[in-house]
**Q** 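Supplied in structure tokens, the structure appears directly below.
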Amino acid sequence: MSDQRGIPRRTFLKSAVAIGGSAALSACVDRFGAPDVDRGPEDLSALPDRQHAWDEFLSTDDHGNVVPPRHHLLLLVDYEGDGRPTEGEREQVESAFRGLERAYERSNDGLVFTVGYTPAYFERFDDDLPGGVDLPEPEAMAPFEEPAFDTPDAAVHLASDHGQVVMAAEEALKGNQSTLNGVEMPASLSGVLSEADRRSGFVGAGLPAENDDVAGVPEGEVPEDAPLYMGFKSNFSKSQASEDFVTVDEGPFAGGTTQHVSKIRLHLDQWYDQDSRYHREATMFCPVHAEEGLVEGTGENMGDSSGMEEHGCPAHTEEHAREYGKVGHSQKSARAREDGSPLMIRRDFDATDDDRASLHFVSLQETISDFVETREAMNGTDVAGESGVGQRTNNGILQYMTVERRGNYLLPPRDLRALPPARPE
């Protein structure tokens with residue numbers, strides 16, 4: 001569907017979310033109207049204690065895989081005050097978040113969001129690390145990385161199938177919109193938390209192909225039904241940890257989780273223009289998948305599993321390095337398991353920030369150490385140098401990505417999401 005100027009609706013909405021602001025929101029509403037979205041509950045005690053409890057509210061596909069919202073925004077914010085937040089400021093911030101929850105139901109059609117805090121935020125307290133939580137400063141995760149590190153005080157992750165909802169929620173938080181979906185906003189973040197950076201993006205069939213006119217991806221090569229720029233789906237339920245698994249279960253922040261956010265630049269010209277379909281399947285999944293033709297199209301035929309364990313890929317990573325001269329991204333990552341479960345939930349999305357194809361990698365895990373373990377498995381340093389596998393070349397998808405920024409966050413339970421102390425009583 002296009003607007004009266006011939007611009008595809010989805011492209012226009014993506015661009016508007018990327019630009020942000022009241023003018024972009026007004027342009028979307030003028031052209032497409034405001035989406036008809038149900039409001040959230042008046043009694044917010046009906047919502048889960050966990051901020052990150054999204055899965056039961058989101059749509060699923062025919063195989064039971066959770067379908068992520070299509071439009072995303074990471075709003076990085078800094079605390080404007082000196083020293084520690086006051087109780088009045090906490091009440092204001094919590095009122096703003098409750099306003100979002102009352103305005104929109106928690107769903108793809110409505111709004112899901114989380115609020116996370118960095119180690120830098122907690123430095124203002126005498127006990128400068130959050131009690132009972134593994135939350136180190138971010139660091140480079142591979143010898144070939146030189147990322148910058150995100151040190152805002154907090155990050156708000158907003159997501160919805162409707163770009164207008166994401167933009168309206170952002171404007172309401174900034175104090176630029178007094179009502180939201182017909183609900184009066186009781187407060188905003190204005191005067192307490194101010195924008196340090198914003199990163200928008202998208203995920204879902206059709207969106208990457210419609211937004212391939214940027215550096216880093218050859219125009220016209222991304223499959224029309226691909227949910228991500230690299231052409232394959234990644235939301236297999238058996239490749240994701242459960243929300244129970246990633247939840248902190250002890251201490252003052254029990255019910256919360258940790259979040260890692262990476263900003264990754266993509267280099268996909270070779271991926272599409274020079275590499276064969278065989279190579280893309282082998283390095284995204286596993287050489288066995290390419291040899292046996294297991295992946296059709298974007299991988300919809302694979303149901304709820306990427307087929308790693310079923311085809312013995314993780315256990316034979318080094319053997320495949322010698323036999324095929326390459327190993328797969330999913331194959332390497334699947335070596336990081338606890339009692340058969342993956343250690344993380346991925347909630348990442350593509351972007352066109354700075355007119356370059358990018359990926360905002362967002363993961364949830366009980367401890368940042370779980371992320372580190374998974375990333376180390378994905379690096380494949382142990383197989384580098386074996387046959388045709390180099391430090392990055394033929395080593396999964398490492399050669400097609402450059403990590404530009406990294407940040408670590410604590411996502412407290414809902415009752416502590418507004419400027420939490422380091423040691424809640």
**Q** Please report the shortest heavy-atom distance between Pro68 and Val203, naming the atom on each side.
**A** CG-CG1, 3.9 Å

**Q** Checking Asn408 against His260: is there a side-chain donor and acceptor pair closer than 3.5 Å?
**A** yes

**Q** Are Thr247 and His52 close enough that a side-chain donor and a side-chain acceptor fall under 3.5 Å?
**A** yes

**Q** Strictly below 4.0 Å, N to O, side chains only: are Glu94 and Arg98 in salt-bridge contact?
**A** yes

**Q** Taking the side chain as every heavy atom from C-beta outward, state whether Phe236 and His63 have any pair of such atoms under 4.5 Å apart.
**A** no

**Q** Tell me if a side-chain donor or acceptor on Asn65 pairs with a main-chain N or O of Ser237 at a distance below 3.5 Å.
**A** yes

**Q** Hey, does the side chain of Asp78 reach the backbone of Asp153 with a donor-acceptor pair shorter than 3.5 angstrom?
**A** yes

**Q** Trp271 vs Tyr400 aromatic rings, parallel, tilted or perpendicular, using cut-offs 30° and 60°?
**A** perpendicular

**Q** Are the charged groups of Asp382 and Lys332 less than 4.0 angstrom apart, N to O?
**A** no

**Q** Evaluate side chain to side chain contact (heavy atoms under 4.5 Å, CB included) for Asp109 paired with His162, printing each intermediate quantity in order.
**A** CA-CA 7 Å; Asp109 202 44; His162 301 288; 2.6 Å; yes

**Q** Is it the case that over 12 heavy atoms from other parts of the model lie below 6.0 angstrom from the CG atom of Asp55?
**A** yes

**Q** Search all heavy atoms of Asn394 against all heavy atoms of Gln399 and return the closest pair with its distance.
**A** N-OE1, 3.3 Å

**Q** Search all heavy atoms of Thr60 against all heavy atoms of Val66 and return the closest pair with its distance.
**A** CG2-CA, 4.2 Å

**Q** Apply side chain to side chain contact (heavy atoms under 4.5 Å, CB included) to Leu100 and Leu158, showing your working.
**A** CA-CA 10 Å; Leu100 297 187; Leu158 304 166; 4.2 Å; yes

**Q** When you compare the side chain of Asn211 with that of Tyr229, does any pair of heavy atoms fall below 4.5 Å?
**A** yes

**Q** For Arg406, which of Glu139, Glu146, Glu145 qualifies under salt bridge (charged side-chain N to carboxylate O under 4.0 Å, His left out)?
**A** Glu145

**Q** Measuring from atom CZ of Arg265 to atom CD of Glu404, what distance do you get when rounded to the nearest 0.5 angstrom?
**A** 6.5 Å

**Q** Please report the C-alpha distance between Glu323 and His316 in whole Å, then the side-chain angles of each, then the deciding distance to 0.1 Å, and finally whether the side chain to side chain contact (heavy atoms under 4.5 Å, CB included) criterion is met.
**A** CA-CA 10 Å; Glu323 181 178 355; His316 294 91; over 6 Å; no

**Q** State whether the side chain of Glu243 and the backbone N or O of Trp54 hold a donor-acceptor pair below 3.5 Å, judged by distance alone.
**A** yes

**Q** Would you please classify the geometry between the Phe113 ring and the Phe97 ring as parallel, tilted or perpendicular, with 30° and 60° separating the classes?
**A** tilted

**Q** Between atom OG of Ser190 and atom CD of Glu80, what is the distance when rounded to the nearest 0.5 Å?
**A** 7.0 Å

**Q** Any sub-3.5 Å donor-acceptor pair from Arg417's side-chain atoms to Val115's backbone N or O?
**A** no

**Q** Consider side-chain contact (heavy atoms from CB on, under 4.5 Å). Of Pro130, Pro152, Pro85, which one does Tyr121 pass it with?
**A** Pro85

**Q** Which heavy-atom pair separates Gly131 from Arg423 by the least distance, and what is that distance?
**A** CA-NH1, 3.2 Å

**Q** Side chain to side chain contact (heavy atoms under 4.5 Å, CB included) for Leu207 and Phe349? Distances and angles first, verdict last.
**A** CA-CA 11 Å; Leu207 285 170; Phe349 51 93; over 6 Å; no

**Q** Just one of Asp225, Val217, Asp350 clears the side-chain contact (heavy atoms from CB on, under 4.5 Å) bar with Pro208, so which one?
**A** Asp350

**Q** What class does the angle between the rings of Phe361 and Phe371 fall in, given that below 30° is parallel, 30 to 60° is tilted and above 60° is perpendicular?
**A** tilted

**Q** Between Tyr324 (side chain only) and Val288 (backbone N and O only), is there a donor and an acceptor less than 3.5 Å apart?
**A** no

**Q** Do Leu364 and Gln259 come within less than 4.5 Å of each other through their side chains, counting heavy atoms only?
**A** yes

**Q** Does Gln365 reach the main-chain N or O of Thr258 with its side chain, forming a donor-acceptor pair under 3.5 Å?
**A** yes

**Q** Under the 6.0 Å and 45° cation-pi test, does Arg392 pair with Phe144?
**A** yes

**Q** Do the non-hydrogen side-chain atoms of Leu193 and Leu419 ever get within less than 4.5 Å of each other?
**A** yes

**Q** Look at the side chain of Asn395 and the backbone N and O of Val389, then say whether any donor-acceptor pair between them is shorter than 3.5 Å.
**A** no

**Q** Tell me, yes or no, whether the heavy-atom count around Asp273 atom CG, taken from other residues, nucleotides or ligands under 6.0 Å, exceeds 12.
**A** yes

**Q** Should the heavy atoms of other residues, nucleotides or ligands under 6.0 Å from CD of Glu56 be counted, would the total exceed 12?
**A** yes

**Q** Just how far is it from atom CD of Glu338 to atom CZ of Phe245, taken to the nearest 0.5 Å?
**A** 4.0 Å

**Q** I'd like to know if Asp150 and Arg405 make a salt bridge, using a cut-off of under 4.0 Å between side-chain N and carboxylate O.
**A** yes

**Q** Looking only at heavy atoms, which two atoms of Asp161 and Pro69 are closest? And how far apart?
**A** OD1-CA, 3.3 Å

**Q** Starting from the C-alpha separation in whole Å, work towards a yes-or-no answer on salt bridge (Lys or Arg N to Asp or Glu O under 4.0 Å) for Glu310 and Lys238.
**A** CA-CA 11 Å; Glu310 296 91 322; Lys238 290 185 179 177; 5.2 Å; no

**Q** Give a yes or no answer on whether the side chain of Arg106 reaches the backbone of Ala53 with a donor-acceptor pair at less than 3.5 Å.
**A** yes

**Q** Would Asp61 and Lys233 pass as an ion pair if we require N to O under 4.0 Å?
**A** yes

**Q** Any chance you could measure Met302, atom CE, to Ser239, atom OG, to the nearest 0.5 Å?
**A** 8.0 Å

**Q** Quick one, Arg414 and Leu44 - any side-chain contact, counting heavy atoms below 4.5 Å?
**A** yes

**Q** Quick one: are Glu195 and Leu75 in side-chain contact, heavy atoms under 4.5 Å?
**A** yes

**Q** Do Asp353 and Ser358 pair up side chain to side chain, a donor and an acceptor below 3.5 Å, judged on atom types alone?
**A** no

**Q** Is there a donor-acceptor pair closer than 3.5 Å between any side-chain N or O of Thr257 and the backbone N or O of Val246?
**A** yes

**Q** Answer yes or no: is there a donor N or O on one side and an acceptor on the other, between the side chain of Ser330 and the main chain of Met284, under 3.5 Å?
**A** yes

**Q** OG1/Thr114 to NE2/His157 distance, rounded to the nearest 0.5 angstrom?
**A** 6.5 Å

**Q** How close do Ala103 and Asn181 get, heavy atom to heavy atom, and via which atoms?
**A** O-ND2, 2.8 Å

**Q** So which pairs with a foot in residues 405-425 pass ring pair (Phe, Tyr, Trp, His ring centres under 6.0 Å), sequence neighbours left out?
**A** none

**Q** Can you tell me how far the CD atom of Gln331 sits from the SG atom of Cys313, to the nearest 0.5 Å?
**A** 5.0 Å

**Q** Under a 3.5 Å cutoff, is there a donor and acceptor pairing between the side chains of Ser59 and Asn108?
**A** yes

